[in-house]
Amino acid sequence: MKVDFNHPSLMGNELEYIRQAIENAHISGDGPFTKKCHALLEDQLGIPKALLTTSCTHALEMSAILLDIQPGDEVIFPDFTFVSTVNAFVLRGARPVFLDIRPDTLNLDESRLDAALTPRTKAIVPVHYTGVGCEMDAIMEIAGSRNIPVVEDNAHGLFGRYKGKYLGTFGCMATQSFHETKNFTSGEGGALLINDPVFIERAEIIREKGTNRSRFFRGQVDKYTWMDIGSSYLPSEILAAFLFAQLEQREKIQSHRKQVWEMYHTGLKDWAWAHDVQLPYVPEHCEQPHHMFYMLMPDLDLRQKLIAFLHERGIISVFHYLPLHLSEMGAKFGGRQGDCPVTERVSDQLIRLPFHNALTGSDVELVVENIREFEF
Ligand SMILES: Cc1ncc(COP(=O)(O)O)c(C=O)c1O
């Protein structure tokens with residue numbers, strides 16, 4: 001293999017902090033490193049509460065419980081997203097409403113939102129694809145006018161901004177992923193960002209198996225007990241120690257990823273133009289965190305051929321989400337071919353290029369050179 005699609009790496013003090021966590025004799029959840037991660041996220045984003053979770057999937061599940069989603073409630077999602085965005089709400093009995101995406105940013109198409117609302121709509125869950133912000137002004141205005149809560153699935157977008165404001169700080173809640181493929185990782189991991197303080201106390205209970213153990217640890221009650229439904233959504237200190245070391249290096253990580261993204265963009269711009277290949281679009285009012293680099297090939301056949309062509313040369317590129325309305329589960333909710341034509345097309349055309357924190361300039365040059373040798 002010459003260039004992996006993803007490759008996790010040590011970016012700073014990960015091993016030292018794990019050693020400290022063990023020496024602190026506290027490797028279960030909510031120890032000093034978890035608190036440091038919470039404080040870093042809260043300070044940098046300017047939000048009232050961040051809670052580390054075991055994954056973005058679990059943060060999404062917590063948000064569905066916090067919003068009291070009930071069987072038959074409708075929740076609106078972009079069709080082009082990861083299964084967990086939707087599954088977390090379906091677990092509570094929600095009926096998913098799949099909205100098509102914008103052909104430029106591949107984010108939920110806000111112009112379709114109004115028509116999708118019904119009296120049963122209980123939440124809107126936009127996804128900031130690749131960390132390029134959804135049109136949050138329009139989404140928040142429509143949601144606000146009907147009092148519908150917004151949960152931002154910001155799995156890709158930590159430290160990205162829309163009109164100068166951090167992604168994840170618009171909705172009442174937002175979710176982050178620290179999965180191996182993300183800019184900052186603990187292998188598996190996530191966070192729930194809480195912007196509306198009304199959710200904080202219940203979120204702590206849901207995250208601690210439905211108990212008020214967090215209040216007990218803070219000395220606010222003298223014993224803890226079962227208060228609500230919940231689960232074990234908090235990560236071990238070993239993971240928090242690893243993650244804190246990565247978050248500490250956020251400037252180094254983000255500037256490296258920016259360089260990689262720009263090298264791909266500069267190296268492929270004229271080639272893409274000449275071959276009808278679409279490169280990522282970033283509106284001027286969005287600052288992206290350079291989470292990934294994708295291209296839209298003219299059709300499925302060429303996309304598959306390019307993936308195979310690069311694979312033969314030791315370069316691993318991958319496709320991304322399949323349209324959720326056409327999945328086995330999506331069909332059970334009535335999804336049919338043609339419902340979301342932009343998602344159906346983009347899903348066939350999209351190819352993601354190698355992108356990780358250990359990628360070197362010569363790796364990127366090699367990928368670009370090989371792509372330019374691909375014959376249409
Ligand atoms: C948009 C989106 N939401 C949620 C998830 C789930 O994240 P996790 O693996 O941390 O549960 C992913 C996975 O990459 C994702 O792409």
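Just so you know, ligand 1 is whichever comes first in the structure, and atom 1 is the first atom listed for that ligand.
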Identify every side-chain donor-acceptor pair in residues 286-297 under 3.5 Å, counting partners at least two apart or on other chains, and give the distances.
residue: H290; atom: ND1; partner: Q288; partner atom: O; Å: 3.4
residue: H291; atom: ND1; partner: N183; partner atom: OD1; Å: 3.0

Could you go through residues 125-133 and list every donor-acceptor pair under 3.5 Å that involves a side-chain atom there, pairing it with any protein atom two or more places apart or in another chain?
residue: H128; atom: ND1; partner: C134; partner atom: N; Å: 3.0
residue: H128; atom: NE2; partner: E152; partner atom: OE1; Å: 2.8
residue: Y129; atom: OH; partner: H320; partner atom: ND1; Å: 2.7

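- Residues lining ligand 1 at a heavy-atom distance below 4.0 Å are given as S55, C56, T57, T81, F82, T85, V127, D153, A155, H156, S177, H179, K182, G189, Y321, ordered by chain and residue number.
- Between E328 and K332, none of the side-chain N atoms (NZ, or NE/NH1/NH2) sits under 4.0 Å from a carboxylate O, so this pair counts as no salt bridge.
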Which is it for I316 and H311 under the side-chain contact (heavy atoms from CB on, under 4.5 Å) test, yes or no, and what are the steps along the way? CA-CA 6 Å; I316 306 305; H311 192 267; 3.3 Å; yes

Anything under 3.5 Å between a donor and an acceptor, one on a side chain of residues 85-99, the other on a protein residue two or more places apart or in another chain? List them.
residue: T85; atom: OG1; partner: T81; partner atom: OG1; Å: 2.7
residue: T85; atom: OG1; partner: F82; partner atom: O; Å: 3.1
residue: T85; atom: OG1; partner: D153; partner atom: OD2; Å: 2.9

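- Side-chain contact between M62 and M173 is absent, with no heavy atoms from C-beta onward closer than 4.5 Å.
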